[in-house]
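Heads up: the structure comes next, in structure tokens.
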Amino acid sequence: MSAADLSPVLADLLGVPVEMEERPAADIALRDLPSLAGPPESPSVGVYLHGEDGPGCQMLLVFPREDARALGELLMGPGVEAAAILDVCREVGNVLAGRYLSEIADRRRGRLTPTTPQSTVDMAGAIISSVLAASPPAGIRSLSIRLQAPDRVIGATLLLLEAEGDT
Amino acid sequence: MRSVPVGLGELRVSRSEDEQLCVYGLGSCVAVYLYARGLVGLAHVVLPHKPASSGLGGELGRYADVAIPNLVADIERLGVGRGQLQAAIAGGAAVLGFSSSIGDHNVIAVREELARFGIPVTQCDVGGERGRSVLFDARTQHLDVRVLATPVGAL
């Protein structure tokens, strides 16, 4: 699964150009995990999913709070409520997870569907470290996402953890 | 006062009253401060126990059962005995509402290790479902905990 595989999925869903770039795994140290999506204290929306066969393959999508709001307004219009913003973020996570897990399922010659997305609004570092603390940094892939909305760029960070044997 | 962030799995000891050891964006991890007059140590604990299969290397502060003995040893090398130490702990949240919380296990393991060394926990802010940032003021020996105000409504 590469950034190039996921970008068209998101572009189709949102109707805007999407750029994704993967950070080399070798550059990610344990101490730096809370900073993968920006300053660790920054208010953010986190969306977490994993494969229904267990937490082996996991996905965490992190939007800075202002970018989550911009995404909500892109899809729902100005003045969108907080609950709807979370719905939009969860839907984006669901679509990305579906594509990601489908590719892994093809490799396994099986079927793998995502769990219902869990979401929260909290400090970016708290969200990331809670999901990734138990995983060695070598098993984590970090992709930065830039959505080119009409009036601004919307940023997010996608973190993928593949189960041993799926890498 | 200079803030000194301590990353996941790291240990640090400071004898400077001008340094404020801190952790920004703490989730299920636990910040373990050991302090006495004129000295503060911090371990940023990530998991409760070191797996038997893992090697000797790695971050000294990552596992509670390795981090706390190492932090006590570092402090004792500076001439402060464990009998003089008090502990302040924070973190161990279930962010994203994980049903089986690593945070709870971290807090239990930290308390067990501190009890083994006879170090009393005098300041504590653990559990819940919210992330925290924590700072320790070496002058007042006070633990300062920050959380996001009304996180969902603020969207």
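What you see is a predicted model, and the numbers here were worked out from it, not measured in a lab. In what follows, chains carry the letters A, B, and so on, assigned in the order in which the sequence lines appear, proteins first and then strands, with residues in each chain numbered from 1.
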Any side-chain heavy atom of A:S130 sitting closer than 4.5 Å to one from B:L96?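 Side chain of A:S130 against side chain of B:L96, heavy atoms only: no contact under 4.5 Å found.
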Is there a side-chain contact between A:E41 and B:R146 in this structure, where contact means two heavy atoms from C-beta onward sitting under 4.5 Å apart? yes
A:S119 portion near chain B, given a 4.5 angstrom heavy-atom threshold: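 Contact with chain B involves the backbone of A:S119 alone.
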Please state whether the side chain, the backbone, both or neither of A:V47 comes within less than 4.5 Å of a heavy atom of chain B. neither
So does B:M1 have more than 12 non-hydrogen atoms from other groups sitting under 6.0 Å from CE? yes
Kindly check if the number of other-residue, nucleotide or ligand heavy atoms within 6.0 Å of CD (A:E91) is above 12? yes
ILVMFWY cluster, [X] and [Y] together (side-chain gap under 4.5 Å):
{"X": "A:L30", "Y": "B:V4", "answer": "no"}
{"X": "A:Y48", "Y": "A:L132", "answer": "yes"}
{"X": "A:L60", "Y": "A:I140", "answer": "yes"}
{"X": "B:V134", "Y": "A:M123", "answer": "no"}
{"X": "B:I68", "Y": "B:V13", "answer": "yes"}

Which atoms form the tightest heavy-atom contact between [X] and [Y], and what is the distance?
{"X": "B:G131", "Y": "A:D122", "answer": "N-OD2, 2.7 Å"}
{"X": "B:L8", "Y": "A:S129", "answer": "CD1-CB, 4.3 Å"}
{"X": "A:A133", "Y": "B:L47", "answer": "O-CD1, 4.1 Å"}

Hey, what do you get for CD1 (A:I127) to OG (B:S28), rounding to the nearest 0.5 Å?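 Reported to 0.5 Å precision, the distance equals 12.0 Å.
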Distance (rounded to the nearest 0.5 Å) between A:T120 OG1 and B:E129 CD: 8.0 Å
Sort B:L26 into side chain, backbone, both or neither according to what part of it lies under 4.5 angstrom from a heavy atom of chain A.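 Just the backbone, heavy atoms under 4.5 Å.
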Checking heavy atoms, do the side chain of B:V23, its backbone, both or neither come under 4.5 Å from chain A? neither
